[in-house]
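Okay, so here's the structure we're looking at.
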Amino acid sequence: MDGLIPPLLNGTAQGALLLLAALGLSLTFGQMGVINMAHGEFLMAGAFIAYLTQQVISSSDLSIPVALPLAFLGAGLLGLLVEVSIIQWMYRRPLDTLLVTVGVSLILQQAALQIFPAQGVPVEKPGWLDGQLAVLGYDWPLRQVFTLVLAALCVAALAGWLKYSSFGRRIRATVQNRDLAETSGVPTRSIDRITFFVGSGLAGVAGVAASLIGGTNSQMGTQYIIPAFLVVVAGGIGQIKGTIIAAWVVGVAMAYFADWTTGSLAQVLAFVLVVVFLQFRPQGLFTVRTRGLT
Amino acid sequence: MKNLKPWLPLIGIGVLALVLLAVAPSVLSMHWINNLGKYCCWAIAAVGIGLAWGRGGMLVMGQGVFFGLGAYSMAMHLTLESAGPDSLPIFMILYDPLAPLPAFWEPFRSDLFTLLAILLLPVIVASILGYALFKSRVKGAYFAILTQALAVALAVLISSTIRETGGDTGLSDFKYFFGFVLSDDGNKLMVYLIAAALLVVCLLVVWQLGRSRFGELLIATRDAEERVRFLGYDPANIKLVAFVVAAVMASIAGAMFVPIVGIITPQEIGASASILMIAGVALGGRASLFGPALGAMAIGWGQSSLGSSWPSGWIYILGLLFILVTLFLPMGLSSLVGKVTGLVWRPRATPTATTPAPEFTAPEFTEVKK
């Protein structure tokens with residue numbers, strides 16, 4: 001019984017990081033149907049922005065809170081650039097967005113490799129994340145709590161924004177019926193851009209959280225992209241609640257697997273778990289019912 | 001000219017066979033023969049991807065899995081053969097000289113078992129995986145991401161089992177290839193000729209499959225899966241066959257890659273290697289017969305020449321290729337050639353990628369099983 005709690009806490013934090021990485025995807029993939037393989041590199045951009053912010057603001061206590069909105073903005077603008085220059089021509093070819101963004105991701109990785117040192121850059125943890133929080137008799141590192149809180153805030157903000165703001169209403173209208181939305185006066189093109197901006201920006205926020213937990217280097221995006229996609233797919237497309245549950249389950253399962261076996265075997269088992277799960281629910285946990293036979 | 005047209009692809013294959021098997025060995029130096037052999041391996045895998053993706057609409061982003069199955073089967077056999085009977089591979093001795101050979105290594109001492117494993121392992125894995133995925137109607141992006149995830153998983157698994165598989169350093173230093181000394185130039189040429197001949201065979205297989213009723217059904221499934229289902233066929237079975245054939249081709253490619261290149265590591269089968277295999281197919285033209293093979297050879301050439309002399313530039317070129325080809329030439333370079341000469345074998349229907357065929361949407365109740 002004693003050994004059961006720490007993996008649960010670790011896994012919850014890991015799941016929260018996964019959720020942050022997947023949240024933007026659930027917006028761009030789930031709502032827009034764009035398979036953005038460069039999402040991991042937007043996350044990487046967020047992590048490097050955290051590093052750059054620390055070069056300007058030397059106090060790490062202050063730099064991370066400043067870096068969060070900057071990373072959102074930076075990664076979002078990067079996403080906007082990709083959307084305007086490439087993806088906007090491909091909305092009718094969803095599978096091809098995957099290939100195009102593979103190209104984008106290769107270029108961004110290589111650019112990061114040349115701009116920053118190959119071995120990666122250090123991102124200092126702020127002092128207020130050094131402590132522990134006592135949970136169920138265990139000391140939960142505040143770094144992990146921070147990821148969880150950040151994920152919760154992002155989910156709440158995104159869900160609220162989608163549900164209550166006029167932008168959110170227009171996004172949902174565009175997703176449900178693009179032609180009707182356009183006829184009703186919704187500017188679907190600018191809605192697409194805003195959605196992609198926010199989705200990519202969320203990857204940037206995830207990047208800041210990732211930089212506090214793992215290394216910041218040009219390859220970091222590749223280790224998040226596939227798990228994040230699996231989480232979105234398992235959660236069900238177009239549903240944030242599915243993504244939340246799937247991220248938590250995958251995170252916790254990986255933590256337990258890692259506890260019983262090894263870290264890399266845990267990753268393999270988690271992948272297998274998702275594939276098996278999709279046998280029983282090919283459309284994921286929650287689905288939006290449509291009449292189309294897709 | 002008209003009644004010659006159906007045979008043009010066959011003539012093309014003949015010309016390619018002549019160039020690869022007769023002209024290349026007499027013109028090229030041993031160094032380039034070896035390189036060409038490597039490109040042939042990637043081309044074999046690409047021919048399979050062309051079948052599954054170009055003609056079947058399944059974007060297989062994890063061919064590294066099957067490439068790896070073939071490659072590691074061959075590499076384990078060659079490692080054991082080089083180590084000699086009743087002795088351990090060198091990397092295992094370095095870790096623990098007294099440990100027994102892992103059980104799954106033991107059968108790979110046999111020549112026959114190895115050859116069967118190269119052909120049957122991908123059939124088994126692809127059948128189970130494909131059956132499960134296609135029956136539950138996983139397709140499109142879902143399928144692509146899941147296959148890619150499996151490639152990542154296998155690469156991670158191999159990296160982490162250093163004692164059993166050599167881990168990140170992989171398997172290398174093969175001395176013998178089924179009794180032939182690999183350092184000998186004549187034997188190297190023989191290995192190359194086998195790879196080139198296998199490429200020709202794979203092209204013939206795909207050409208014949210394309211002419212057959214199955215080929216028609218495969219394209220029909222790609223363009224309008226629901227219609228095929230309502231006509232009484234099971235699209236899952238059709239896709240499964242194409243997926244399994246592609247998997248076997250990738251496995252053969254991996255198996256030949258090992259004696260030609262002399263090393264196999266998890267990097268050769270992971271996510272980026274799988275994506276590289278896709279790159280050649282996309283560039284050459286996924287739905288054409290020669291496009292995938294020639295595209296893969298071009299990418300292979302770029303990878304090994306530019307990739308080593310100008311690595312950073314090569315990645316940018318590769319990235320730009322992905323973007324530009326997908327944006328402007330979704331059916332690859334062969335669609336250009338095809339327009340000019342009609343030499344290239346192209347699907348009859350307009351590919352779904354550019355103009356989606358209208359899916360037949362019927363209410364749920366019309367769907368009857370069997």
Side-chain angles (χ1 to χ4, degrees), chain A residues 29 33-35 37-38 82 85-86 89-90 92-111 113-114 219 222-223 225-227 229-230 232-233 237 261-272 274-276 278-284 291-294, chain B residues 53 57 59 61 129 132-133 135-142 144-146 148-154 156-161 225-226 229 270-272 275 278-279 282 311-316 318-327 330 352-356 359-364 367:
Chain A
F29 181 37
V34 174
I35 305 142
M37 295 299 278
V82 173
S85 57
I86 301 169
W89 313 107
M90 322 221 47
R92 291 187 185 279
R93 296 149 55 187
L95 209 53
D96 283 5
T97 58
L98 190 156
L99 295 172
V100 153
T101 49
V102 163
V104 174
S105 106
L106 285 175
I107 291 174
L108 288 178
Q109 272 176 36
Q110 188 60 34
L113 188 66
Q114 288 186 290
Q219 294 297 310
T222 52
Q223 46 180 310
I225 185 75
I226 292 295
F229 260 117
L230 286 183
V232 175
V233 167
I237 288 201
T261 59
T262 61
S264 22
L265 204 58
Q267 206 181 340
V268 176
L269 286 172
F271 283 175
V272 173
V274 173
V275 175
V276 171
L278 286 174
Q279 289 317 301
F280 300 105
R281 286 197 71 96
Q283 304 304 325
R291 291 183 64 97
L293 280 175
T294 43
Chain B
W53 179 31
L59 179 47
M61 287 188 70
L129 183 70
L133 290 180
K135 283 289 178 191
S136 51
R137 300 190 193 171
V138 174
K139 56 184 152 185
Y142 286 68
I145 289 161
L146 285 181
Q148 167 106 80
L150 285 169
V152 175
L154 184 66
V156 168
L157 186 67
I158 292 176
S159 311
S160 64
T161 48
E225 188 166 335
E226 290 305 327
R229 183 171 287 123
S272 42
I275 283 174
I278 294 284
S312 55
W314 165 242
I315 300 285
Y316 287 127
L318 198 62
L320 274 177
L321 266 181
F322 263 111
I323 295 171
L324 296 178
V325 168
T326 320
L327 266 179
T352 31
T354 41
T355 45
E359 274 283 82
F360 174 54
T361 43
E364 289 273 307
E367 205 180 311

Should B/Y316 and A/Q114 be marked as a side-chain contact (heavy atoms from CB on, under 4.5 Å) after you check the CA-CA gap, both sets of side-chain angles, and the distance that decides it? CA-CA 12 Å; B/Y316 287 127; A/Q114 288 186 290; 2.7 Å; yes

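Looking at residues two or more places apart in sequence or on another chain, you find a side-chain hydrogen bond (donor to acceptor under 3.5 Å, both in side chains) between B/S159 and B/D168. Under the rule for a side chain to side chain contact (heavy atoms under 4.5 Å, CB included), the partners of B/S160 that lie at least two apart in sequence or sit in another chain are A/S264.
Neither the backbone nor the side chain of A/A270 comes within contact range of chain B; no heavy atoms are under 4.5 Å apart. Interface remark: B/L324 contributes no atoms to any contact with chain A (heavy atom separation under 4.5 Å). Within the 4.5 angstrom heavy-atom criterion, only side-chain atoms of B/A144, from C-beta onward, approach chain A. With a 4.5 Å cut-off on non-hydrogen atoms, B/L157 touches chain A through its backbone and its side chain both. Using a 4.5 Å cut-off between heavy atoms, B/L133 touches chain A through backbone and side chain atoms alike. Of the two parts of B/W53, only the side chain, counted from C-beta on, holds a non-hydrogen atom closer than 4.5 Å to a non-hydrogen atom of chain A.
Shortest non-hydrogen contact noted between B/P330 and A/D96 is CB-OD2, 4.0 Å. Minimum heavy-atom separation, A/I35 to B/A141: CD1-CB, 3.2 Å.
Between the CG atom in A/L265 and the OG1 atom in B/T161 there is a gap of 9.0 Å [rounded to 0.5 Å]. Here B/M61 contributes atom CE and A/I226 contributes atom CD1; the two are 7.0 Å apart, rounded to the nearest 0.5 Å. Between the CD1 atom in B/I323 and the CE atom in A/M90 there is a gap of 10.5 Å [rounded to 0.5 Å]. Separation of atoms CZ (A/F29) and CD1 (B/I145) is listed at 4.5 Å; rounding is to 0.5 Å.
A heavy-atom distance below 4.5 Å is not found between the side chains of A/L278 and B/S136. Side-chain contact between B/I315 and A/I107 is absent, with no heavy-atom pair separated by less than 4.5 Å. When side chains are defined from C-beta on, B/T326 counts as touching A/R93, because their heavy atoms get closer than 4.5 Å.
Of the candidates A/L98, A/L106, A/V104, B/F322 forms a side chain to side chain contact (heavy atoms under 4.5 Å, CB included) with just one, namely A/L106.
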